[in-house]
Amino acid sequence: MRSILVACCALPLLATSTAPTLVPVQPADLALGGSFTNAVADIDNDGDLDLFVGFGGAPNRLYRNDGSRLVDIARALGLDDVRGTRAAAWGDMDADGDPDLLVGFAPAVGSVLALYRNDGGRFTDVTRKRGLWVSGGAVRQPAWVDVDGDSDLDLFVAFRDRANLFFRNDGERFVEVGSALGLADARKTVGASWADLDEDGDLDLVTANQDGDANGLFRNDGARFTDVADAAGLAWGGRAPRNAQNGTVRPCIDDVDHNGRLDLFFANYGPNGLFLRQSAGYRDVSTEWGVAIDGRYDACAFADIDHDGRLDLYVNGTVTGGKNYPDYLFMQDSGRLIERTPANVRALAADHGVTWFDLDQDGALDLALTGVEPSGMHLVLRNTTPAPTARSIAVRVLDARGRATRAGAEVRVYRNGSRDLLGTRVVDAGSGYNAQSDQPVHVGVGAARRVDVEVTWPSRGQRRSTWRRGVPTDGQRGASVVVTTTGAP
């Protein structure tokens, strides 16, 4: 991404009585249904974000962003696999400065994982060479994350029908060590995300499990992980316990109530759940905040789409049993999430993949969706909500070598010269089911013209912080504030 120190956008506060305006981009080109997953990264380091879309049988697509126009280049790069694709994740696994692509397939002949190394915009299949050949399993959520603090990206893969896998990055090859770490959970896992939830200096794991299985909260104890979901009150995520018709599909980690602590949302088969982190633990506020909708939901994605400093929420319904459960867009106002779904979005047969990203580099977050039904699509919708005064910044977090290996780092933005917190975001460490990104984090800052940026990254039992102070928010829109984290890994 461009290392320009300013990233602002001309979007002001949005009155929550009004639905945002989301306009389809290239609808004829992006009309094909049967899409499961989407993942965003800047594959060619040209400063804009590109989009991978995985399908259930049609050739996969990789859209290069050419001046906000999406051009499919998957065939030219050898990424147009026709196998049923269930998952994808970008990550710089070889620390050479560009994101590589991990794709998860439905079971068939060959490996259910494929690893494509990015060499300056050209891709090479290195699955077997790197030790990631897996002969079977229903792949769901992969996550690139540096769990052992050695400044390279390890790989966690969730499976719906076998024990989850964890691959330690040993440089030239990946070594599977899930059992030794206590992460080889055999429950029906479909979503997974990492963060330092107990603030003790290492990354913990939240897993979303289906078919009546309890969710997991794997506390990182250094040498091993311990499932403490039940003790934390998160085992069921707001749904009915031990109900085989219910399950959690995607966990989302964000600071929803704006207190600097990381909260959890669970997109469920059953009522959705929102759990706010308090000093004494988590509090279930699902009903109080208006999100305990009972249905079938595949995905959640938080974003401050009006740049007022409060996170808004997209919840993606599924299509099952002949019923299309509707998607919801909630805008946050006065301690609640108020439903403000645009009519054109409610009419879509969308489910599974949902990702917010800035397609056109105007500082406003646009929306990428997938739909698995033949009548579905894989649309991108541009956020054109009129708003001339509020601002945002985008923050790219890199390690001391300038590589993107800090997944799970926390970004907090303050009003310049104060401790007035404007927003908290987490560098993507597995967004959850059917979506992922390697992109700068986006923080709405309202009317603030200068801000201080704090990046905290957990590693080996310590929480280290790096600051960028006095960052201006006026200037060239769509650029990224680059924060390079230093110190021991």
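Remember, it's a predicted structure, so these values are computed and weren't measured experimentally.
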**Working for side chain to side chain contact (heavy atoms under 4.5 Å, CB included), residues L197 and Y282** = CA-CA 11 Å; L197 294 172; Y282 291 93; 3.7 Å; yes

**Request:** Give a yes or no on this: more than 12 heavy atoms of other residues, nucleotides or ligands lie within 6.0 Å of atom CZ of R122.
**Result:** no

**Prompt:** Have T456 and S465 got a donor and an acceptor in their side chains that come within less than 3.5 Å?
**Reply:** yes

**Message:** In terms of relative ring orientation, are Y297 and Y328 parallel, tilted or perpendicular, with 30° and 60° separating the classes?
**Reply:** tilted

**Message:** Distance to the ring centre below 6.0 angstrom and angle to the axis at most 45 degrees; does that hold for R250 and Y433?
**Reply:** no

**Message:** Pair Y63, R61 - check side chain to side chain donor-acceptor pair (under 3.5 Å), show working.
**Reply:** CA-CA 6 Å; Y63 290 103; R61 298 185 181 184; 2.8 Å; yes

**Request:** I would like to know whether R187 and D227 meet salt bridge (charged side-chain N to carboxylate O under 4.0 Å, His left out); could you show each step before the answer?
**Result:** CA-CA 12 Å; R187 289 176 291 189; D227 185 2; 2.8 Å; yes

**Item:** Any F105 side-chain heavy atom under 4.5 Å of R86 side chain
**Value:** no

**Message:** Under the salt bridge (charged side-chain N to carboxylate O under 4.0 Å, His left out) test against E410, which residue among R463, R464, R261 passes?
**Reply:** R463

**Message:** Looking at every non-hydrogen atom in both residues, tell me the closest pair between G430 and S193 and how far apart they are.
**Reply:** O-OG, 2.7 Å

**Prompt:** Within a strict 4.5 Å, meaning less than it, do heavy atoms of the D198 and D204 side chains meet?
**Reply:** yes

**Prompt:** Are any non-hydrogen side-chain atoms of F265 and D254 less than 4.5 angstrom apart?
**Reply:** no

**Request:** Apply the test side chain to side chain contact (heavy atoms under 4.5 Å, CB included) to residues V147 and F166: give CA-CA distance (whole Å), side-chain angles for both, the deciding distance (0.1 Å), then the verdict.
**Result:** CA-CA 10 Å; V147 169; F166 184 85; 3.7 Å; yes

**Message:** Between L205 and F156, is there a side-chain heavy-atom distance shorter than 4.5 Å?
**Reply:** yes

**Prompt:** Of all heavy-atom pairs between N60 and A74, which one has the smallest distance, and what is that distance?
**Reply:** O-CB, 3.4 Å

**Request:** Count the heavy atoms belonging to other residues, nucleotides or ligands that lie under 6.0 Å from CG of D96, then report whether that count exceeds 12.
**Result:** yes

**Prompt:** Does any non-hydrogen side-chain atom of N383 lie less than 4.5 Å from one of D358?
**Reply:** no

**Request:** Begin from the C-alpha positions of D438 and R396 and carry the test salt bridge (charged side-chain N to carboxylate O under 4.0 Å, His left out) through to its verdict.
**Result:** CA-CA 10 Å; D438 174 35; R396 182 67 163 162; 3.0 Å; yes

**Minimum side-chain heavy-atom gap L313-C300 below 4.5 Å** = yes

**Message:** Between T370 (side chain only) and D351 (backbone N and O only), is there a donor and an acceptor less than 3.5 Å apart?
**Reply:** yes

**Item:** Side chain W467, main chain V455, donor-acceptor under 3.5 Å
**Value:** no

**Asked** Is a salt bridge present between R449 and D474, judged by a nitrogen-to-oxygen distance below 4.0 Å?
**Response** yes

**Request:** Measure up the Y314 and W356 rings against each other and bin them: parallel (under 30°), tilted (30 to 60°), perpendicular (over 60°).
**Result:** perpendicular

**Ring centre gap for W289 and F275 strictly below 6.0 Å** = no

**Request:** Applying side-chain hydrogen bond (donor to acceptor under 3.5 Å, both in side chains) between T189 and each of T248, N164, D213, T207, report the one that passes.
**Result:** N164

**Request:** Given side chain to side chain donor-acceptor pair (under 3.5 Å), test T355 with N38 step by step and report yes or no.
**Result:** CA-CA 7 Å; T355 301; N38 54 31; 2.8 Å; yes

**Contact check, side chains of L77 and Y116, non-hydrogen atoms, under 4.5 Å** = no

**Request:** Please step through side chain to side chain contact (heavy atoms under 4.5 Å, CB included) for the pair F159 and V190, ending with a clear verdict.
**Result:** CA-CA 6 Å; F159 287 84; V190 292; over 6 Å; no

**Item:** From CG (L155) to CH2 (W144), nearest 0.5 Å
**Value:** 4.5 Å

**Test item: R130 side-chain N/O and G171 main-chain N/O as donor-acceptor pair under 3.5 Å** = yes

**Request:** Report yes if the side chains of D263 and D257 come closer than 4.5 Å at any heavy-atom pair, otherwise no.
**Result:** yes

**Asked** With ring centroids as reference points, do W194 and F225 lie under 6.0 angstrom apart?
**Response** yes

**Request:** Please step through side chain to side chain contact (heavy atoms under 4.5 Å, CB included) for the pair V443 and R425, ending with a clear verdict.
**Result:** CA-CA 7 Å; V443 183; R425 300 309 307 266; 3.7 Å; yes

**Message:** Please evaluate residues D360 and S68 with respect to the criterion side chain to side chain donor-acceptor pair (under 3.5 Å), reporting the C-alpha separation (whole Å), side-chain torsions for both, the decisive distance (0.1 Å), and the verdict.
**Reply:** CA-CA 5 Å; D360 49 8; S68 305; 5.3 Å; no

**Prompt:** Are D312 and R310 within salt-bridge range, i.e. N to O under 4.0 Å?
**Reply:** no

**Request:** Over all heavy atoms of both residues, which pair between A39 and W90 is shortest? Give the atoms and the distance, please.
**Result:** O-NE1, 3.2 Å

**Item:** Closest contact, heavy atoms only, V206 versus F266
**Value:** CG1-CE2, 4.1 Å

**Request:** Look only at the side chain of D81 and the backbone of T85, and say whether a donor-acceptor pair between them is shorter than 3.5 Å.
**Result:** no

**Request:** Could you go through the side chain to side chain donor-acceptor pair (under 3.5 Å) check for T485 and D399 one step at a time?
**Result:** CA-CA 5 Å; T485 57; D399 64 20; over 6 Å; no

**Request:** Determine yes or no for a side-chain-to-main-chain donor-acceptor pair under 3.5 angstrom, with D42 supplying the side chain and G47 the backbone.
**Result:** yes

**Asked** So, does R460 use its side chain to make a donor-acceptor pair with the main chain of G149 at under 3.5 Å?
**Response** yes

**Item:** Ring centre gap for H378 and H352 strictly below 6.0 Å
**Value:** no

**Request:** Return the minimal non-hydrogen interatomic distance between N65 and D48, and the atom names on each side.
**Result:** O-OD2, 3.0 Å

**Complete:** For L203 and D196 the tightest heavy-atom approach is CD2-N, 3.8 Å

**Prompt:** Looking at V53, L51, L367, which hits side-chain contact (heavy atoms from CB on, under 4.5 Å) with V380?
**Reply:** L51

